[in-house]
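Keep in mind that this is a model prediction, so the values were computed, not measured. Both ligands and their constituent atoms are indexed starting at 1 by order of listing. Numbers here are sequence positions counted from 1.
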Amino acid sequence: MTSSHLRHADADFSSSPLLAKYPRHNMQDGAAIKVGVLGATGTVGQRFITLLADHPWFVLHALGASPRSAGKPYSAAVNWKQATRVPAVAKDLIVRECKPEFFADCAVVFSGLDADVAGEIEAAFRAADLAVFSNAKNYRRDPHVPLIVPYVNPFHFALLPQQRSLHSPSLKKGFIITNANCSTTGCVIPVSALEKAFGPIESLLVTTLQAISGGGYPGVPSLDIMDNVVPFIGGEEEKMEWEMLKILGGITKNDDGTRSFDMHARTPLRVSASCNRVPVIDGHTACISLRFARRPPPSPQQVREALVNFTCDAQTLGCPSAPRYVISVHEEPDRPQPRLDRYYQDGAGVSVGRIRQCQVLDIKFVVLANNVSIGAATSSIINAELAVLKGFVGSEVEGKEKR
Ligand SMILES: NC(=O)C1=CN([C@@H]2O[C@H](COP(=O)(O)OP(=O)(O)OC[C@H]3O[C@@H](n4cnc5c(N)ncnc54)[C@H](OP(=O)(O)O)[C@@H]3O)[C@@H](O)[C@H]2O)C=CC1
Ligand SMILES: N[C@@H](CC(=O)OP(=O)(O)O)C(=O)O
């Protein structure tokens, strides 16, 4: 085991010819990349449809949902819950069953499938050599599947060639990439910014206040959540505790030439999470306290500056869905708040406030992230944009050579 640990520096695509092929502005007709959405009628699926309707590179080509919805035009199948109307590009598309043959022309397939069915369906799509970007939890722990938060660890794309070659039979274009649990995503973005600025974080305690939409539609019954807080979300705490380690962890090159995720190659972090459901429609809040490895730790003012100045590859490379600013830092003592801050950067950014000293660990603060946008659909879309820029989409060769 061991040897080199890959870091952000490995992800150098600044000279990629694909940047010239897929510029920031809209592409000419015919050059767009056809995409499909599985689970298109759900909470996350509807956010995909809204975001993809105006996407400069991707064009909606095929939609899938359960056999209950299949065969109907999208506008008839969906129980649309967005403030805007069903986009014209989607409303007349006939919803398909989630079978690879209906998506064969798609270079990218986004999945907002219910986790009860995502496992088998996503595996079938990958086996059909399709590139799948999933929101579901099923493959997040898979040792060959990158768990990517686009502002944090795009260098984990380096595992894709191995996923393709170890698949039986080996794949030319297909793979599965997952994004993280929505609460994990909101937390790991500021945490990675602090790690980048001040080095490893040793311990992290987090208490979440999670929106109802996190449970999909219709989710928690109104009589359970109105006038109430439910101090349990099945499986959520465990996911937050290990997902952060996989995301912040490194990649180890083994003696036999294969690569593995190594949770502790880059971080000594230990996480303890307490998760609560609250009567908020969208936007997960998390109260975080953490301890840095370095002594003395940074001051609250230094933490503030590091968060304000955070930038990432998705921005500098020109991913069209990357926000201009990733982290908004509030000085007001009563922010962030879900109702006021969940649409920061159209839901693609996160809001941080109440940065102060912690009397037990080092620093504490509050973070708010839109669970349906950066917590789900927006992350998948930016991951796909990064995959295009890295040459992993629609290409058998380029992705193997660029990392
Ligand atoms: N909501 C959120 O904030 C987040 C959700 N996620 C994850 O994203 C995924 C989707 O979540 P969400 O949108 O909230 O869930 P919803 O329950 O709102 O939507 C589920 C989707 O799956 C489809 N579906 C259900 N059964 C089948 C089947 N047998 N075959 C094919 N499709 C089926 C539904 O289609 P139909 O309408 O026809 O029943 C629907 O489109 C889940 O895995 C969830 O854990 C991840 C991060 C955040
Ligand atoms: N469980 C989260 C949303 C979600 O679906 O998470 P996951 O994709 O990790 O199962 C919530 O209820 O807010």
Side-chain angles (χ1 to χ4, degrees), residues 36-50 63-72 74-82 90 94-100 102-103 109-122 124-125 132-141 147 149 178-188 208-220 225 230 232-244 246-247 273 275-278 280-286 338 342 347 369-380:
V37 179
L38 306 175
T41 49
T43 304
V44 173
Q46 292 181 31
R47 188 69 185 142
F48 271 127
I49 300 298
T50 312
L63 306 181
S66 77
R68 297 179 290 278
S69 304
K72 299 176 187 164
Y74 182 69
S75 55
V78 71
N79 183 9
W80 188 252
K81 294 290 173 190
Q82 313 303 307
I94 301 298
V95 176
R96 306 289 191 166
E97 284 194 48
C98 294
K99 294 185 175 163
F102 299 129
F103 293 76
V109 177
F110 295 106
S111 168
L113 283 170
D114 191 316
D116 287 349
V117 296
E120 259 183 54
I121 293 175
E122 291 173 4
F125 274 64
V132 179
F133 294 81
S134 173
N135 282 276
K137 65 184 176 192
N138 308 60
Y139 291 100
R140 290 186 196 145
R141 272 186 187 268
L147 170 57
V149 174
T178 64
N179 40 289
N181 168 274
C182 38
S183 295
T184 305
T185 300
C187 293
V188 80
T208 67
L209 308 153
Q210 298 185 214
I212 310 165
S213 61
Y217 186 84
V220 189
I225 197 66
V230 180
F232 175 71
I233 303 174
E236 196 81 352
E237 294 173 354
E238 294 78 4
K239 276 184 274 183
M240 288 193 78
E241 289 170 2
W242 71 261
E243 285 184 13
M244 270 199 242
K246 184 169 175 181
I247 294 161
C275 296
N276 303 280
R277 187 75 72 197
V278 298
V280 161
I281 293 176
D282 286 323
H284 287 359
T285 302
R342 62 191 162 207
N370 187 314
N371 51 298
V372 187
S373 298
I374 191 57
T378 305
S379 276
S380 267

Check: Out of curiosity, is R68 lining ligand 1, as in a heavy atom under 4.0 Å away?
Finding: yes
Checklist line | Donor-acceptor contact below 3.5 Å, side chain E237 vs main chain C275 | finding: yes
Notebook entry, point to check: Does the side chain to side chain contact (heavy atoms under 4.5 Å, CB included) test come out yes or no for V280 and R342, once each step is laid out?
Noted result: CA-CA 11 Å; V280 161; R342 62 191 162 207; 4.1 Å; yes
Item checked: Over all atoms of both residues, closest heavy-atom pair of I49 and A90 -> CG2-CB, 3.6 Å
Margin query: To check your reading of the model: name the closest protein heavy atom to atom 5 (O) of ligand 2, its residue, and the distance in Å.
Written below: G214 O, 3.7 Å
Next item on the list: Give a yes or no answer on whether the side chain of N135 reaches the backbone of G112 with a donor-acceptor pair at less than 3.5 Å.
Entry: no
Checklist line | Flag side-chain contact, heavy atom, 4.5 Å: T208 against H284 | finding: no
Notebook entry, point to check: Any idea which heavy atoms bring V44 and V372 closest together, and the distance?
Noted result: CA-CG1, 4.3 Å
Next item on the list: Using a 4.0 Å heavy-atom cut-off, say whether R140 meets ligand 2 through its side chain, its backbone, both or neither.
Entry: side chain
Checklist line | Nearest neighbour in protein (non-hydrogen) for atom 22 (O) of ligand 1 | finding: D114 N, 3.3 Å
Notebook entry, point to check: Using heavy atoms and a threshold below 4.0 Å, how should the contact between V117 and ligand 1 be classified: side chain, backbone, both, or neither?
Noted result: side chain
Next item on the list: Please check if atom CD1 in I94 has more than 12 non-hydrogen atoms from other residues, nucleotides or ligands closer than 6.0 Å.
Entry: yes
Margin query: So if I count the atoms of ligand 1 from 1 in the order they appear, which ones are less than 4.0 Å from some heavy atom of C98?
Written below: 31 (C)
Next item on the list: Quick one: look up the protein heavy atom nearest atom 8 (O) of ligand 1 and list residue, atom name and how far away it is.
Entry: N135 CB, 3.5 Å
Item checked: ligand 1 atoms in contact with N371 (distance to a heavy atom under 4.0 Å) -> 3 (O), 48 (C)
Item checked: Protein contact of atom 35 (O) of ligand 1 - nearest heavy atom, named by residue and atom, plus distance -> T41 OG1, 3.2 Å
Checklist line | Numbering as shown, the atoms of ligand 1 that approach A376 to under 4.0 Å (heavy-atom distance) | finding: 47 (C), 48 (C)
Check: Residues in ring-ring contact (aromatic ring centres under 6.0 Å, His included) with Y74, at least two apart?
Finding: none
Check: Quick one: which of G112, G45, S213 has a heavy atom closest to atom 21 (C) of ligand 1?
Finding: G112
Note to self: Can you name the atoms of ligand 1, numbered from 1 with element, that are less than 4.0 Å from a heavy atom of A136?
What the structure shows: 43 (O)
Check: Looking at atom 41 (O) of ligand 1, is any protein heavy atom nearer than 4.0 Å to it?
Finding: yes
Checklist line | Pair E243 + K246, salt bridge at N-O below 4.0 Å | finding: no
Margin query: Any heavy atom of C182 closer to ligand 2 than 4.0 angstrom?
Written below: yes
Notebook entry, point to check: Any nitrogen or oxygen of N181, main chain or side chain, under 3.5 Å from a nitrogen or oxygen of ligand 2?
Noted result: yes
Item checked: Best match, I374, N370, V44, I121: closest heavy atom to atom 12 (P) of ligand 1 -> V44
Note to self: Any heavy-atom pair between the side chains of N181 and K137 that's under 4.5 Å?
What the structure shows: no
Note to self: Closer than 4.0 Å to some heavy atom of G214 - which atoms of ligand 1 meet that?
What the structure shows: 1 (N), 2 (C), 3 (O)
Note to self: Any side-chain to backbone donor/acceptor pair from Q46 onto N79? Under 3.5 Å, distance only.
What the structure shows: yes
Notebook entry, point to check: What protein heavy atom sits nearest atom 18 (O) of ligand 1, and how far off is it?
Noted result: T43 N, 2.9 Å
Note to self: Could you tell me, atom by atom, which parts of ligand 1 come under 4.0 Å of a heavy atom of Y217?
What the structure shows: 18 (O)
Note to self: If you count every heavy atom of other residues, nucleotides or ligands that lies below 6.0 Å from K99 atom NZ, does the total exceed 12?
What the structure shows: no
Note to self: Tell me whether N276 contacts the main-chain N or O of L209 through its side chain, where contact means a donor paired with an acceptor under 3.5 Å.
What the structure shows: no
Next item on the list: Give the numbers and elements of all ligand 1 atoms closer than 4.0 Å to a heavy atom of G375.
Entry: 47 (C), 48 (C)
Check: Taking heavy atoms and a distance under 4.0 Å, where does N135 meet ligand 2: side chain, backbone, both or neither?
Finding: backbone
Item checked: Side-chain heavy atoms of T185 within contact of I374, under 4.5 Å -> yes
Checklist line | Nearest option to atom 28 (C) of ligand 1, as decided by whichever heavy atom of A65, S66, C182, G42 sits closest | finding: S66
Next item on the list: Looking only at protein heavy atoms, identify the closest one to atom 12 (O) of ligand 2 and say how far it is in Å.
Entry: R277 NH2, 2.5 Å
Checklist line | Main-chain N/O of A77 paired with R68 side-chain donor or acceptor, under 3.5 Å | finding: no
Notebook entry, point to check: Has A115 got any heavy atom lying under 4.0 angstrom from an atom of ligand 1?
Noted result: yes
Next item on the list: Looking only at protein heavy atoms, identify the closest one to atom 7 (P) of ligand 2 and say how far it is in Å.
Entry: K239 NZ, 3.3 Å
Notebook entry, point to check: Taking atom types as modelled and ignoring hydrogens, do the side chains of S213 and N371 form a donor-acceptor contact shorter than 3.5 angstrom?
Noted result: yes
Next item on the list: Mark whether atom 44 (C) of ligand 1 lies under 4.0 angstrom from at least one protein heavy atom.
Entry: no
Margin query: Can you name the atoms of ligand 2, numbered from 1 with element, that are less than 4.0 Å from a heavy atom of Q210?
Written below: 11 (C), 13 (O)
Note to self: Within the 4.0 Å heavy-atom shell around G216, which atoms of ligand 1 are there?
What the structure shows: 14 (O), 18 (O)
Note to self: What I want to know is whether K137 and ligand 1 share at least one N or O pair that is separated by under 3.5 angstrom.
What the structure shows: no
Notebook entry, point to check: Where is the nearest protein heavy atom to atom 38 (O) of ligand 1: which residue, which atom, and how far?
Noted result: S69 OG, 2.4 Å
Notebook entry, point to check: Looking only at protein heavy atoms, which one is nearest to atom 9 (C) of ligand 1, and how far off is it?
Noted result: L113 O, 3.2 Å
Next item on the list: Classify the contact between S111 and ligand 1 as side chain, backbone, both or neither, using a heavy-atom distance cut-off of under 4.0 Å.
Entry: neither
Margin query: Please report whether ligand 2 has a polar contact with E236, defined as an N or O pair separated by less than 3.5 Å (distance criterion only).
Written below: yes
Margin query: If I compare all heavy atoms of V95 with all of G64, which pair ends up nearest, and what's the gap?
Written below: CG1-C, 4.0 Å
Notebook entry, point to check: Quick one: do the Q82 and T50 side chains pair a donor with an acceptor below 3.5 Å?
Noted result: no
Next item on the list: Measure the shortest side-chain to side-chain distance between S134 and Y139 over non-hydrogen atoms and say whether it is less than 4.5 angstrom.
Entry: no
